[in-house]
Protein chains: 2
Amino acid sequence: MDLSQHIRERGLKATPSRISVMKVLESDHRAYAHADLETIFSTMDRVTLYRVLNDFEETGLVHKVIDMDGVTRFAYCKHSCPDTHHADEHVHFNCQVCRKMFCLENMPAPSFNIPKGFKAMGQNVLVFGLCKSCSAA
Amino acid sequence: MDLSQHIRERGLKATPSRISVMKVLESDHRAYAHADLETIFSTMDRVTLYRVLNDFEETGLVHKVIDMDGVTRFAYCKHSCPDTHHADEHVHFNCQVCRKMFCLENMPAPSFNIPKGFKAMGQNVLVFGLCKSCSAA
DNA sequence: ACTTAAATACAACAATGTTGCGTTTAAATT
DNA sequence: AATTTAAACGCAACATTGTTGTATTTAAGT
Ligand SMILES: [Mn+2]
Ligand SMILES: [Mn+2]
Ligand SMILES: [Zn+2]
Ligand SMILES: [Zn+2]
């Protein structure tokens, strides 16, 4: 799989920053916070990193999810989403101990029977608790 | 219903700040952000307001929920929760237009069959879309 | 009325995220 | 291979949300 090509297919230039961020996101389908990636890429400008992540999200390469601390995280879209909306609405798991967030890709988010008058457009389902390594320890 | 008494029952002093914040939260079971309440109570010190809300949450008078913007919101607990954990896990609705958040109190959050190894301790279910007044307009 | 632990007000700080703008570069064109 | 240019980057400045420390004030029990 050619990451540069994957990025260019969405109309974005395949720059070094984008390629290296995408390499991390693509290799491990966890939702990464800006701070996580800033640690990994200590030399990358922080505004550039924000813009890389937002551009990826807007073009459907990654999806955005808010974690239990209110921090925005980004995760690779297994099957790139149409640029109109994100089609991969699955449950996310957030570990209370290590704070890592996992995409439960084969657990689709259910739909809910919302009271009359409300119009549901989507949902964020977040389960929190202990991840595998933290519940073992 | 005596708000001062309700506050004191949880071991907190019934101060003017706490009574007026509780009056708003109790009168309308929506989840309010700090910024909302700062607007309503323009003279209240912002740190005091943060501490009022956190104290309410820690004593089970209100519950905390993160909205679609990652901002923490607080809503009245219809039946005060035990101080060990919050027992009122229901679905929340967040309007994309007016950003208001509503407690769907008679819609309990479902439980999910999380993969082996993970230990679920709770969940945040957030549905977003258009609220009644915004879908009418 | 007195006492005191709890709460408040104010300042300082931290983390997350955005905007504006001059400079650099990916990649299309010649 | 050189040229062109819109896109992306780097840096500074700013905004919002939230926390911590501490001196002063106050709710509520005695
Ligand atoms: Mn995901
Ligand atoms: Mn609620
Ligand atoms: Zn963990
Ligand atoms: Zn609305």
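Lettering of chains follows the sequences in order, A, B, ..., and the numbering in each one begins at 1.
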Between [N] atom [atom2] and [X] atom [atom1], what is the distance in whole Å?
X      : N       : atom1 : atom2 : value
E58(A) : dG17(C) : CD    : P     : 15 Å
R18(B) : dT26(D) : CZ    : C1'   : 12 Å
R73(B) : dT16(D) : CZ    : C1'   : 14 Å
D69(B) : dT18(C) : CG    : P     : 10 Å
E57(B) : dT19(D) : CD    : P     : 11 Å
I7(A)  : dC9(D)  : CD1   : P     : 10 Å
I66(B) : dT16(C) : CD1   : C1'   : 13 Å
R10(A) : dA8(D)  : CZ    : P     : 15 Å

* **Residues within residues 121-129 of chain A bordering DNA chain C, heavy-atom distance below 4.0 Å** => none
* To do: Please determine, for the side chain of S17(B), which listed nucleotide (dG18(D), dT16(C), dT8(C)) has the closest atom?
  => dT8(C)
* Side chains of C131(A) and C98(A): does their closest heavy-atom pair fall under 4.5 Å? -> yes
* Structure fact -> Each nucleotide of nucleotides 22-30 of chain C classed B (base within 4.0 Å of a protein heavy atom), S (only sugar-phosphate) or -, in 5' to 3' order, makes ---BBS---
* To do: Could you list by number each residue of residues 42-54 of chain B showing a heavy-atom separation from DNA chain D of less than 4.0 Å, or answer none if no residue does?
  => R46(B), V47(B), Y50(B), R51(B), N54(B)
